[in-house]
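Just so we're clear, the structure is a prediction, and the values are computed from it rather than from any experiment. Chain naming here is simple, since letters A, B, ... match the order of the sequence lines and numbering starts at 1 in each.
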Amino acid sequence: MIKVQQENFDVSAELAALTSGNHAIGGIASYVGLVRDLVGADSPDDALRAMTLEHYPGMTEKKLAAIETEAQSRWPLEASLIVHRYGRLEPGEQIVLVACASAHRQAALDACNFLMDWLKTEAPFWKLEETGAGEAWVDSRASDDAAAARWKVKTDRAAE
Amino acid sequence: MIKVQQENFDVSAELAALTSGNHAIGGIASYVGLVRDLVGADSPDDALRAMTLEHYPGMTEKKLAAIETEAQSRWPLEASLIVHRYGRLEPGEQIVLVACASAHRQAALDACNFLMDWLKTEAPFWKLEETGAGEAWVDSRASDDAAAARWKVKTDRAAE
Amino acid sequence: MKVLYFAWLRQRIGVANEEFDLPGDVDTVDDLVTWLIAKGPGYAKGFAEPQVIRAAVNFEYVPFDHRLSNTDEVAFFPPVTGG
Amino acid sequence: MKVLYFAWLRQRIGVANEEFDLPGDVDTVDDLVTWLIAKGPGYAKGFAEPQVIRAAVNFEYVPFDHRLSNTDEVAFFPPVTGG
């Protein structure tokens with residue numbers, strides 16, 4: 001299931017809905033991404049006040065559904081969920097939830113890892129950071145691209 | 001933090017307590033183990049009615065705290081949590097929660113995976129299954145031992 | 001066709017989306033970028049480093065030699081930073 | 001010393017734990033198993049396949065050649081199945 005929303009989410013409620021009544025599920029691996037504020041440690045002006053997530057409505061849902069299908073084809077999942085928020089979020093707030101339920105522990109954990117790597121590099125979201133020094137768009141990280149490349153997902157992205 | 005308890009746990013509340021006020025945390029990887037009932041699919045007599053987890057009070061807490069320390073020495077974790085229940089549990093109920101919070105996504109996911117592999121093979125818990133056919137103790141699984149061996153944790157276990 | 005811009009590309013160009021007929025001399029995404037750059041300084045600034053810009057047509061990532069049709073929805077944006 | 005038994009080992013022996021003085025001819029965990037087996041049929045049944053039984057002394061897993069002292073807490077149990 002895919003949810004792209006402004007509202008916050010409750011992890012317990014999402015996991016309960018995902019597994020409800022399915023006793024073939026041995027476990028649920030999940031990852032919750034939070035708005036982090038590391039930059040403010042040294043200089044108060046650098047402290048993150050908020051982050052605004054912009055996305056491409058329509059394409060986001062389509063791409064998230066496609067990668068969820070890909071994960072389900074790679075691992076024996078009983079259920080899966082991606083919740084991704086957009087809009088303005090403050091430090092400590094939840095951004096994203098990925099949850100994968102399976103009879104098999106390692107399948108659940110690997111699928112969760114796969115989906116997070118993909119989200120970082122392929123999901124059409126952009127982050128605008130607000131600090132005391134002003135606003136700045138977050139650059140994509142080479143380490144995220146390398147992590148996603150581990151899985152050899154076929155994409156038709158532009159040659160870069 | 002280590003909790004060995006009979007009571008159920010609320011994942012959202014546990015994660016919130018783990019990360020509260022720490023804005024250096026970029027994400028939380030977690031795994032929730034559930035009581036699974038696969039055996040009942042074909043024959044009603046084989047259906048799992050409940051599972052009773054026995055443990056070794058004192059040793060359980062000591063071993064869980066030791067492996068949590070080991071995980072914190074291997075990965076840059078901001079916080080970690082193991083909640084393991086004991087007593088009688090029915091299909092669909094939560095057994096265990098492992099959560100690892102870090103600035104770094106992969107560290108959180110790997111540490112969570114490590115702790116779950118360890119719990120399956122080294123934590124002093126035993127499972128008694130109740131079905132229509134009676135009660136039976138669950139054997140340890142060779143696949144769990146192999147998964148734990150990946151991490152090369154030093155143990156002074158008896159030669160087997 | 002409909003063209004959308006996101007993140008700092010949207011800010012530099014000054015519009016979030018616009019609709020116009022596919023110009024006669026525009027066959028590919030690359031051609032469209034060249035055509036847009038000629039429209040004004042905001043576009044020129046937005047596409048100053050075209051190698052960092054990604055394109056999607058009808059919600060799928062495409063290379064810049066992808067051929068366009070007049071019914072396409074085309075989106076341009078910087079590298080994504082989700083999760 | 002205190003000795004504890006868990007899971008099916010506890011059921012076969014019929015007691016969860018017991019306390020007694022370390023017998024004079026018992027030096028190691030292995031010696032203790034031999035001594036226990038002689039105590040009765042429940043113990044003999046419990047330790048019939050000693051290679052599957054694990055031992056802990058003072059909350060740490062030990063090999064069967066581990067030497068015992070009278071103040072030890074010794075636990076015997078089948079392979080664990082946590083998580």
Separation between [atom1] of [X] and [atom2] of [Y], rounded to the nearest 0.5 Å:
X	Y	atom1	atom2	answer
A:I28	B:L97	CD1	CG	10.0 Å
A:T19	B:L34	OG1	CG	5.5 Å
B:N113	A:L109	CG	CG	4.5 Å
B:F9	A:S12	CZ	OG	9.5 Å
A:N22	B:R36	CG	CZ	11.0 Å

Portion of B:S30 that has a non-hydrogen atom of chain A nearer than 4.5 angstrom: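 For B:S30, heavy atoms of backbone and side chain both lie under 4.5 Å from chain A.
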Chain A contact via B:E14 - which portion, at a heavy-atom distance below 4.5 Å: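 Answer is neither: B:E14 stays 4.5 Å or more from chain A.
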Out of [options], which one racks up the most heavy-atom pairs below 4.5 Å with chain A?
options	result
B:V35, B:I95, B:V11, B:V96	B:V11
B:G21, B:A13, B:G26	B:G26
B:C100, B:A29, B:C112	B:A29

Residue pair B:Y31 / A:A108: nearest heavy atoms and the distance that separates them: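 Scanning both residues completely, I find the closest heavy atoms to be CE1-CB, 4.3 Å.
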Heavy-atom contact with chain B under 4.5 Å, split by part of A:L15: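 The answer is the side chain of A:L15.
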Close side-chain approach of B:R105 to A:D117, heavy-atom, < 4.5 Å: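 Sidechains of A:D117 and B:R105: in contact.
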Residue selection (most heavy-atom pairs with chain B, distance under 4.5 Å) from A:D10, A:D110, A:V32: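 Most pairs with chain B among the choices: A:V32.
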